Amino acid sequence: MKPCVLIVDDSLTVRMDLKEAMEAAGFDTITSASIASARRACQQGTFDLAILDVLLPDGDGLSLLQEIKATPGTADRPVLLLSSEDEVRDRVRGLRTGADDYVGKPYDVTQVVARARELVQRRRARTRERPLIVVIEDSPTFAAEMRASLEAAGYEVAVGVSGEEGLRLAADLRPDAVVADQVLPGIDGPEVIRRLRSDTALRRTPCLLLTASEDRTDELRALEAGADAFSQKHAGAPVILAKLAALLRTTRETAGAAALPSLLAPKRILAVDDSATFLGELCDQLRAEGYDVVAAHSGAEALELLGTQPVDGILLDLLMPEMSGQETCRRIKAEPAWRDIPLIILTALDESAAMIEGINAGADDYIAKSGDFEILKARLRAQLRRKQFEDENRDIREQLHRREMEAVETQALRELSETRAALIASLEQKNAEMLQANGELKRAKDAADSANRELESFSYSVSHDLRAPLRAVDGFSQLLLTQVGVQLDATARRHLERVREGTKRMGQLIDDMLSLAQVTRQPLRNEPVDLSAESLNIVAHLRTTPPAGRTVEVEVAAGLVAQGDRGLLRILLENLLGNAWKFTTKREQAYIEFGRQPPADGPVVFFVRDNGAGFDMKYANKLFGVFQRLHTMEEFPGTGVGLATVSRVVRRHGGKVWAESAVGQGATFFFTLADS
Amino acid sequence: MKSKTILLVEDNPDDRELTLLAFQHGHIGNAVTLAADGVEALEYLFCEGRHAERDRSHMPAVVLLDLKLPKIDGLEVLRRVRADARTRLLPVVILTSSKEEQDLINGYTLGANSYIRKPVDFDKFNEAIRQLGLYWLVINEIPPSTQVS
């Protein structure tokens, strides 16, 4: 859609002149000769830009400006004031009221058009919600495809079918990025990018070059031309979109520096002189040269103007009433925002003292007033060029610095990724090692499992098969005794009794061995076990065997609780208390105690103490071995498995067991259940 | 009403004879049917094979079942007995040498009515068999369904 410009001027000549020029530049126009008719146009709010004369027959143009800026519907529309150059006050007032620019009369129509275009573009760029991409592509199919993908991804798209059209679009729209095909009719993609890069205002626009060819040298040529990124068309829209997104991200990060004005854009010069004659002539000469000139009649006016409108150069008369040129110069140069504006001192006298004074005040150059303006123009051009170069140099320095930073960052990233790769490699190796170890572990576990299964079936056989023949031996010898016992002599009967004794003992041995095996095989449960209660139960059971001709005093401490496997802990206590019961059978007053040691560092120590037969400490190391006995069968019966079982139960709980004794002095067995 | 009989499933001839002697000792005069393995036990109970011709209306008052048996072991016999409607309620007493916890658990889980471990000591064995006979043949009332087939 064409932008629309509202032209408000009471002079028909001006209206027609501007209308013609603007329409030629691609604008629609609405013209008004008075504030009243302009107001009606404003109410419709259909214009993109207003060019406004300050002096109008039915009122002040500035009040209309105020209305435009105060009305929500039109507040964001740029306004270009057009007024007589003589009224510096108007210019200052207009700019302070909110005008976006000010062009002095007599105006240069190309300059007005250029400014109008820039203002419209600036607003468009500012109000753009979605990033705008200019696609330069001559193939309608691919262009349509790109437009569809880009719009679907949330971009606004403008398509140019040739390099020239693309450049025009870029200049008009100031897009966020340009995507150009490499092969185009007329100027090709790399050339488009080269031209974009040579324009100060557009050189920062990110450019993505597309190619249909597979040739890698195309990429080099594209990058040489200044493209920021390169992609092959057949890589597909997602790849191109991803590259574009990355490109926009990096540009956004580095877009801190203010965009430089275009080198080719019209320069605005502030001319300051107290002599109206000289000032008029100077302005005419400069305007003829294509400059936009702002005139000020005094130092004060000059400072005021600078406060409202940026300029590209200053021509300053040295000898002025009130505020002198030196003073004005000093004030300008003291202001950070103005310090870099090239300032040339003008003086009627070619005297070195004045020159030195001017230079000392901070002027960039010095020139003698004369009727010959050619030197002045040349010096001004030189100063502007110098400024431009300085800006560009600064820009280049910034870019270099940025590149350096990027290089450092890239290096760091590369190192990081290398470290990461090394880490991953070592991780993978560790993983492989672990898998191998796991495999070995699994094999070992399988072997252990199968050994366990074998042991289980062995125990089962022992339990079942070894007992059956024993039962037969016992049964039939008993039958023999009852059937023919009366016919046998005492020796033969005793022998048969010995056979039965032997089978009973063997039966007991098998049972003990089975329970010892069970202690090792069973999975360990972990629960709180009331050892005091278990002990009292065991003692009650022991008391069912009448203690022949003796008293047994048993003391069990209250509240002894441990964490462990109830079944195994019961077996442990049965063995220890059973032993105490057994080894005190020769005491008339037996005493058995189950308790715990006073709290100390380390695990809780439980003990079972008796006043029985005791044992010699030099055999203490044999105590917990299987089938180890310290007493004869005649003294005390037993299989020598009980304490081995106790030791295994304690070991499975992560504890320790030991004993203290002396022959005839009783024995104390201590045990703990966990190291912690 | 038919007399109460005992089915003794036992492969070991020594144990078989000792058990019969123990019944004698305990003055238990009930008829005892012998089965030497799991297959024969099932044939008897379900009137198949060697026992296809027997009186189908008769069921033993109690089965004494060893666990370790050739061909089909005791636990499998028990499983099949409990799975069949005809023998679902039949009293089965496991009589074994095993003191494996797992055998005990499996036996009761599969529906054994009692689990008795054969003592090595013959006197104790005699006593156990006497009490067993007394309980299952005299004191205990047989479920009606075992008498109907």
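In this text the structure is predicted, and so the values were computed from the model without any measurement.
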Enter the distance from B:Phe122:CZ to A:Thr503:OG1 here, rounded to the nearest 0.5 Å.
->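 One finds 12.0 Å between CZ of B:Phe122 and OG1 of A:Thr503.
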More than 12 non-hydrogen atoms from neighbouring residues, nucleotides or ligands closer than 6.0 Å to CZ on B:Arg54, yes or no?
->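 Yes, CZ of B:Arg54 has more than 12 neighbouring heavy atoms, counting only those of other groups under 6.0 Å.
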More than 12 foreign heavy atoms under 6.0 Å from CD of A:Glu527: is that the case here?
->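 Correct, the count exceeds 12.
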Closest contact, heavy atoms only, A:Arg471 versus B:Ser97 =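 Smallest heavy-atom distance, with atoms named: NH2-OG, 2.8 Å.
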Under 4.5 Å, heavy atom to heavy atom, which residues of residues 8-27 of chain B contact chain A?
->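 Only B:Asn12, B:Asp14, B:Asp15, B:Glu17, B:Leu18, B:Leu21, B:His25 of residues 8-27 of chain B have a heavy atom under 4.5 Å from chain A.
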B:Asn126 versus chain A, heavy atoms under 4.5 Å apart: side chain, backbone, both or neither?
-> neither
Under 3.5 Å, side-chain donor or acceptor atoms of residues 129-141 of chain B against the rest of the protein: list the pairs with distances, not counting sequence neighbours.
residue  : atom : partner  : partner atom : Å
B:Arg130 : NE   : B:Glu127 : OE1          : 3.4
B:Arg130 : NH2  : B:Glu127 : OE2          : 3.3
B:Gln131 : NE2  : B:Glu127 : OE2          : 2.8

Taking only distance into account, with no hydrogens and no angle test, what donor-acceptor pairs under 3.5 Å do side-chain atoms of residues 32-45 of chain B form with protein atoms, sequence neighbours excluded?
residue : atom : partner : partner atom : Å
B:Asp37 : OD1  : B:Val39 : N            : 3.0
B:Asp37 : OD1  : B:Glu40 : N            : 2.8
B:Asp37 : OD2  : B:Lys71 : NZ           : 3.4
B:Glu40 : OE1  : B:Ala36 : N            : 3.2
B:Glu43 : OE1  : B:Arg50 : NE           : 2.9
B:Glu43 : OE1  : B:Arg50 : NH2          : 3.2

Sorted by first residue and then second, give each salt bridge (charged side-chain N to carboxylate O under 4.0 Å, His left out) pair with at least one member in residues 477-488 of chain A; sequence neighbours left out.
-> none
